[in-house]
Amino acid sequence: MKNKFFYILLSFIFSVASFAQEGKQIKVQSDRTIKDQNRFPGATILAKVDKQVYMQHEGIEIWCDQAIHYGEDKFVKALGNVKMKQGDTITMTSKYAEYNGNTQFAYASDNVFMETPSNTLRTDTLFFDRLKQQAYYRSGGTVRDSSNTLTSQIGRYFMDRKQYSFNTTVKIVNPENTIDSDRLDYYAENGHTYLYGPSTVKDKESTLYCERGFYDTKVKTGYAIKNAKIDYDKRTVFGDSIFYNSANQFASATNNIKVLDTANNSVITGHYAEVFKEKDSVFITKRALAATLQEKDSIFIHSDTLMITGKPERRIMNGFYDVRIYKSNMSGKSDSINVNQTTGYTKMIGRPIIWSQRNQMTGDTIKIISNTKTEKLDSLIVYQNAFLVQEDTLKAGYNQVKGQILYGLFKDNELYQVDIDKNTETIFYQRESEGELKLIGINKVLSSSIKLLLNNREIEDVYYYQNIDGTLYREIDLPENARELSGFNWRGDERINSKADLFRGESPPELIKITGIPLPKDEADFFDEETVKRLEDNKSEGSRLLEQKLKDAELKETNEELDSIPSKKKTKEELNIEKKKNQKEG
């Protein structure tokens with residue numbers, strides 16, 4: 001009884017095993033069946049008469065005009081109008097294909113076309129591993145979906161996550177822009193693109209460059225880091241990170257910002273910036289600094305916030321909150337500033353002050369005028385409560401001039417004449433012109449207007465006009481409290497004497513931590529050791545696959561190489577501006 005049960009059980013196990021083995025066979029249907037042992041030993045030739053040859057194996061279906069079927073090897077070669085389908089996930093057509101039921105690996109060549117629910121792929125040669133659910137090409141391919149056309153030399157499709165990994169000469173084209181990269185990952189369902197290595201996103205108005213980035217091809221927004229920059233018409237924005245919206249031509253940059261304006265030979269730096277292309281405007285803050293080259297000399301403007309608007313030929317710059325100016329022969333401060341590069345006018349408002357040579361000039365509003373052709377200082381005007389102060393040669397006191405309006409004239413960027421109108425008052429320390437420059441007296445004068453002529457940065461001549469009333473006092477006859485005009489305020493300790501002084505008293509801003517874009521996952525090679533062994537251990541007669549090199553193509557860049565990409569070289573425009581600035585500072 002026990003033996004009978006054992007034989008029944010053994011018989012059942014063998015029948016199940018036989019059924020399982022039978023289930024793994026490739027099922028075939030064909031109008032014509034031919035045997036030709038001389039040409040195809042161990043194989044059956046299947047051919048179309050009315051209907052195409054049909055084969056099926058564990059969820060994959062194959063149609064073709066002719067097939068060579070090796071039953072024992074569970075291997076088939078399909079020729080002519082080949083169609084291979086895996087459920088509703090993949091349909092592939094080609095002129096030639098082969099499939100191995102033991103390895104569940106397919107190979108197709110000659111005008112290969114693969115279609116998924118969301119995109120299509122066209123290539124010359126395609127490898128398809130059903131166990132990994134991955135497709136791979138290395139001889140160039142084109143992927144199309146509803147909005148993009150993607151081309152690359154090497155491509156790999158991960159079906160479980162609907163992701164393409166493209167490498168070497170990668171390009172994405174759509175009606176709005178073009179993306180070029182050495183390496184990128186593309187997610188078919190949402191159009192998300194991750195850029196690795198030198199990459200550009202171009203549209204009609206701008207070019208975004210980075211060596212690590214993300215771009216949404218559907219909503220046209222992106223995020224760039226690592227040597228990130230964006231080029232507009234004659235304006236380039238650099239930053240540690242750049243957010244980009246192609247649809248409305250907006251970009252924002254964070255940390256170590258540089259805006260290079262080649263149209264006006266200027267550079268603006270800071271740590272946060274916004275750029276609106278349609279409005280031709282740039283907003284920059286966090287240690288904002290503008291440097292403009294004028295007559296081989298840079299003028300620097302620093303404030304809490306800078307805003308530049310207008311076309312290249314009509315640029316206007318506004319600075320707000322604690323404005324500071326420095327030029328080799330002039331510096332100043334105010335609450336706000338307006339610079340019109342078309343007219344050459346610079347307007348300072350809110351406790352404005354200018355230091356030029358040894359002179360301090362203050363008033364309610366100060367306007368500086370530059371010659372737009374020569375870019376040299378032409379003149380300045382101080383409106384309301386104009387006050388000019390110059391420290392005495394031997395620092396015994398201060399020469400002072402006040403009135404309602406002050407006009408200053410420059411020659412070769414040096415102040416040589418000052419005119420003050422309306423209710424003018426002066427205090428001058430008169431000294432001998434030679435020797436020990438002994439003090440003669442302190443002269444106090446009232447008049448309607450005054451003209452001062454300066455030479456070698458010193459007041460050389462003073463001319464008084466109309467209603468003149470003055471007295472020359474001996475030093476002992478004029479009390480200390482009478483040696484200052486009403487409204488006198490010497491601010492020499494605030495004077496900006498160098499570029500570094502622009503930031504005096506300010507703490508460095510706390511920079512936002514940039515969220516990085518991780519490198520792509522280190523995937524095993526498509527043809528890894530395990531896969532190659534699987535293919536070679538189950539090889540069949542006449543397989544063209546085994547004539548191929550079972551090895552991945554060399555990638556443009558590995559993850560290690562991507563991490564070691566150095567900072568990008570500076571542009572020619574940047575180098576020219578830096579060279580000129582160094583010549584000036586030297």
Side-chain angles (χ1 to χ4, degrees), residues 327-333 352-363 366 377 379-382 385-498 501:
K327 199 172 186 291
S328 61
N329 55 2
M330 187 181 72
S331 61
K333 297 177 70 175
I353 183 169
I354 288 289
W355 294 278
S356 178
Q357 296 139 41
R358 292 177 52 238
N359 306 295
Q360 171 186 293
M361 288 166 277
T362 58
I366 296 178
L377 291 173
S379 56
L380 67 81
I381 305 172
V382 180
N385 302 309
F387 216 121
L388 182 147
V389 181
Q390 184 184 83
E391 194 169 18
D392 172 53
T393 306
L394 298 184
K395 298 187 178 181
Y398 299 93
N399 297 319
Q400 304 158 53
V401 183
K402 67 176 292 188
Q404 285 302 302
I405 301 179
L406 180 151
Y407 302 92
L409 299 177
F410 292 86
K411 184 176 182 181
D412 294 329
N413 286 325
E414 294 282 347
L415 189 66
Y416 76 91
Q417 179 176 323
V418 174
D419 294 281
I420 300 181
D421 286 343
K422 297 181 181 179
N423 305 321
T424 62
E425 301 177 59
T426 65
I427 291 180
F428 282 108
Y429 285 71
Q430 290 191 218
R431 296 184 176 276
E432 294 177 346
S433 59
E434 297 178 357
E436 296 181 358
L437 304 179
K438 183 178 178 181
L439 182 63
I440 298 171
I442 302 173
N443 197 9
K444 296 186 69 173
V445 181
L446 301 175
S447 66
S448 296
S449 61
I450 302 171
K451 176 185 289 186
L452 307 178
L453 298 180
L454 294 85
N455 187 24
N456 294 325
R457 304 186 179 185
E458 297 284 347
I459 296 174
E460 187 174 67
D461 292 304
V462 181
Y463 298 92
Y464 298 94
Y465 300 96
Q466 297 181 356
N467 304 318
I468 302 168
D469 181 13
T471 303
L472 179 63
Y473 295 92
R474 293 185 304 168
E475 187 176 13
I476 61 172
D477 293 336
L478 191 63
E480 289 287 342
N481 59 6
R483 298 180 188 182
E484 295 179 358
L485 297 176
S486 175
F488 170 83
N489 182 14
W490 177 250
R491 296 166 60 186
D493 58 340
E494 298 179 41
R495 183 164 185 164
I496 299 165
N497 297 302
S498 66
D501 281 351

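Just so it is clear, the model here is predicted, and its values are computed rather than measured.
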Practice problem: Report the C-alpha distance between Phe387 and Val382 in whole Å, list the side-chain angles of each, state the deciding distance to 0.1 Å, and finish with yes or no for side-chain contact (heavy atoms from CB on, under 4.5 Å). | Solution: CA-CA 8 Å; Phe387 216 121; Val382 180; over 6 Å; no

Donor-acceptor check, side chain of [X] to backbone of [Y], threshold 3.5 angstrom: yes or no?
{"X": "Lys444", "Y": "Ala482", "value": "yes"}
{"X": "Thr424", "Y": "Ser447", "value": "yes"}
{"X": "Arg483", "Y": "Tyr398", "value": "no"}
{"X": "Gln430", "Y": "Asn443", "value": "no"}
{"X": "Gln400", "Y": "Leu485", "value": "yes"}

Minimum side-chain heavy-atom gap [X]-[Y] below 4.5 Å:
{"X": "Gln404", "Y": "Asp421", "result": "no"}
{"X": "Glu425", "Y": "Ser486", "result": "no"}
{"X": "Gln390", "Y": "Asn359", "result": "yes"}
{"X": "Val401", "Y": "Ile450", "result": "yes"}
{"X": "Leu439", "Y": "Arg431", "result": "yes"}
{"X": "Glu484", "Y": "Trp490", "result": "no"}
{"X": "Asn467", "Y": "Leu446", "result": "no"}
{"X": "Ser331", "Y": "Arg495", "result": "yes"}

On a heavy-atom basis, which atom in [X] and which in [Y] lie closest, and how many Å separate them?
{"X": "Glu436", "Y": "Leu394", "value": "O-CD1, 4.0 Å"}
{"X": "Tyr407", "Y": "Ile381", "value": "CD2-CG1, 4.0 Å"}
{"X": "Ser379", "Y": "Leu409", "value": "CB-CD2, 3.9 Å"}

Quiz item: Counting only heavy atoms not in Glu434, do more than 12 fall under 6.0 Å of its CD?
Solution: no

Quiz item: Where do Leu388 and Val418 land on the side-chain contact (heavy atoms from CB on, under 4.5 Å) test, with the steps shown first?
Solution: CA-CA 9 Å; Leu388 182 147; Val418 174; 4.0 Å; yes

